[in-house]
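When a ligand or atom number is given, it counts from 1 through the structure's own listing order. What you see is a predicted model, and the numbers here were worked out from it, not measured in a lab.
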Amino acid sequence: MNSQLLSPDPNCVESSGPHPKADPCVFVVFGAAGDLTKRLLIPAIYNLIEANLLSENFAIIGIARADKDSEQFRKDLTEDLGKYATRAVAPEKWEKIKNNIHYIQGNFDDQHIYQKLAEKLPEVDKAVDAKGNVLFYLATGADYFASIVHRLAEAGLTQEVDGKWRRVIVEKPFGEDLQSAKALNASLLSSLQESQIYRIDHYLGKETVQNILVFRFANGLIEPLWNNRYIDHVQITVSEVVGVENRGNFYDNAGALRDMVPNHLLQLLTMTAIEPPTSFAADSVRNEKAKVLQCLRPIEGDDIVLHAVRGQYGAGKIKGESVSGYRQSQKVRPDSNTETYVAMKFNIENWRWAGVPFYIRTGKALPQKRSEIVVTFKKAPISLFQQADCSNVRSNQVIINIQPEEGISISLDAKIPGPNIAISPVKMTFDYKQYFGQAVNTGYETLLYDCMIGDATLFQRGDTAELGWQAIDNVLDYWKHSRQKDFPNYAAGSSGPKASDDLLSRDGRYWKSLS
Ligand code: BG6
């Protein structure tokens with residue numbers, strides 16, 4: 001993990017010194033004409049140049065079906081960077097890279113493009129002295145992951161000889177259920193070593209997500225309280241205002257559970273619940289993450305209905321604007337049974353967390369874009385303030401804001417000034433922007449840099465990707481085979497289906513308000 005990207009103001013923080021530049025390499029992007037490349041990957045590469053972290057021995061080869069040549073590709077990327085860069089682009093800095101951008105046109109299942117790539121790579125490598133290192137980024141539809149890797153291997157492009165590395169970043173979705181994730185892992189591992197595979201989850205590139213580990217393990221104050229003696233329950237929310245947009249094709253087959261839970265939501269849960277690793281080396285952290293997932297109580301039998309809630313939005317209003325229902329979206333079946341909202345209850349059966357439920361929820365067309373982790377503490381054992389108006393007394397909470405605001409706040413009770421004892425909740429807040437200045441990264445910088453230096457800490461290992469699917473597999477299967485008769489069961493702009501509130505109220509708890 002790269003703390004330089006985390007700490008823009010070296011005066012404010014203890015720094016471990018300047019970070020070395022990433023290794024020289026050629027960055028080969030499959031899906032180079034797609035949204036991910038232009039909106040996130042190229043702006044992230046540019047930010048690495050600005051942070052002085054990208055090697056000068058660097059070139060890009062884009063591969064896509066779109067009919068264009070290298071010159072046109074350079075022009076397009078330059079124009080896109082103008083639109084999507086997260087900071088002002090210095091032309092002289094971009095120009096250096098731009099001259100080392102190349103394009104290969106073709107279909108990913110056409111063996112010719114791999115031959116072309118095999119011819120092009122040494123030439124491009126030589127021009128920038130990339131030392132034979134190649135980072136392949138699969139920014140394509142998931143159907144292509146296995147076959148691209150297989151063809152790269154057939155063309156001899158994945159072999160690591162004489163210290164030259166070959167690494168592959170695989171985007172999500174990593175499979176569509178446990179069985180397909182296992183098959184994908186097996187297929188990738190027939191051509192690559194596990195150490196060459198970087199399964200990306202962009203949530204792990206977010207500053208505040210990485211900060212969870214620092215918050216917990218760099219502060220002596222927090223960790224002694226971070227367990228079932230003091231914590232009542234944890235709520236993890238990823239709510240989105242957007243609906244399905246133009247992704248009906250993908251989304252109507254995926255649904256919110258597949259799209260968000262085995263990856264983003266369970267990553268957040270794991271970071272919240274993980275035991276202190278023996279070091280921050282990739283495998284120490286990933287071993288501990290795997291243990292959390294292994295301890296999730298399987299959701300089976302009656303719990304499938306009791307602990308997992310699905311919702312689908314109907315027409316409604318968001319921020320005063322009318323929004324049509326999910327079933328009216330493009331490329332969505334008019335009688336679709338796909339969920340756009342999920343809420344679940346997980347139990348982690350280990351010494352630290354036994355008895356502390358972790359509730360998660362995520363959905364589209366909700367009133368606010370917000371990702372946060374709310375850790376609610378048990379109440380004080382006795383109330384000394386019975387004469388006071390205690391109607392406002394609540395449990396203390398630690399709220400880890402992931403987006404749009406990034407920071408951490410702690411809610412406490414305080415005495416309202418005056419002669420009587422009256423109590424009111426107050427908040428202590430740490431805001432990233434206020435403290436460290438405007439965040440200007442896309443979230444992919446750390447992940448790309450880490451891959452270029454061979455640090456896999458923030459990437460999913462094969463076993464954790466499978467464990468994520470395993471945690472939801474019974475629910476996926478049940479939902480696939482049963483129609484939810486009351487769909488659509490929440491209006492766009494509302495906080496989700498009533499059953500989601502019931503999930504908590506049955507336990508005497510309630511969700512933090514979304515509006
Ligand atoms: C993606 C999902 O992985 O994450 C999208 O496929 C979702 O459906 C997105 O909108 C959310 O990411 P973020 O960073 O905007 O919270």
For ligand 1, which atoms, with element, lie under 4.0 Å from some heavy atom of H264?
->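 Within the 4.0 Å cut-off of H264, ligand 1 contributes 1 (C), 3 (O), 4 (O).
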Qualifying salt bridge (Lys or Arg N to Asp or Glu O under 4.0 Å) pairs, either residue in residues 329-343, two or more places apart |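 Applying salt bridge (Lys or Arg N to Asp or Glu O under 4.0 Å) to every pair that reaches into residues 329-343, excluding sequence neighbours, yields D252-R333.
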Nearest to atom 12 (O) of ligand 1, what protein heavy atom do you find, and at what distance?
->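 Checked against all protein heavy atoms, atom 12 (O) of ligand 1 sits closest to H202 NE2, 3.1 Å.
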What protein heavy atom is closest to atom 8 (O) of ligand 1, reported as residue, atom name and distance in Å?
->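 The closest one turns out to be D259 OD2, 2.6 Å.
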R87-Y46 side chain donor-acceptor pair, cut-off 3.5 Å =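 On atom types as modelled, these side chains do not qualify, holding no pair under 3.5 Å.
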Does a donor on one side chain sit under 3.5 Å from an acceptor on the other, for T338 and R310?
->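 No.
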Over 12 non-hydrogen atoms of neighbours within 6.0 angstrom of OH in Y478 |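 Not more than 12 within 6.0 Å, no.
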Between K364, K369, E245, E240, which one has a non-hydrogen atom sitting closest to atom 15 (O) of ligand 1?
->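 The nearest heavy atom belongs to K369.
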Nearest candidate to atom 14 (O) of ligand 1, where distance is taken over non-hydrogen atoms, out of Q403, R247, K206, K172 |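 The nearest heavy atom belongs to K206.
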Consider every N or O of S371 and every N or O of ligand 1, then say whether any pair is closer than 3.5 Å.
->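 N/O-N/O distance below 3.5 Å does not exist for this pair.
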Which bit of Y203 is near ligand 1, meaning a heavy atom under 4.0 Å away: side chain, backbone, both or neither?
->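 The part of Y203 near ligand 1 is the side chain, not the backbone.
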Proximity of H233 and Y359 rings by center, below 6.0 Å |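 Yes, close enough.
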Please tabulate, for the side chains in residues 238-248, all donor-acceptor contacts under 3.5 angstrom to protein atoms that are two or more places apart in sequence or on a different chain.
from, atom 1, to, atom 2, distance (Å)
S239, OG, Q368, O, 2.5
S239, OG, R370, N, 3.4
E240, OE2, K364, NZ, 2.8

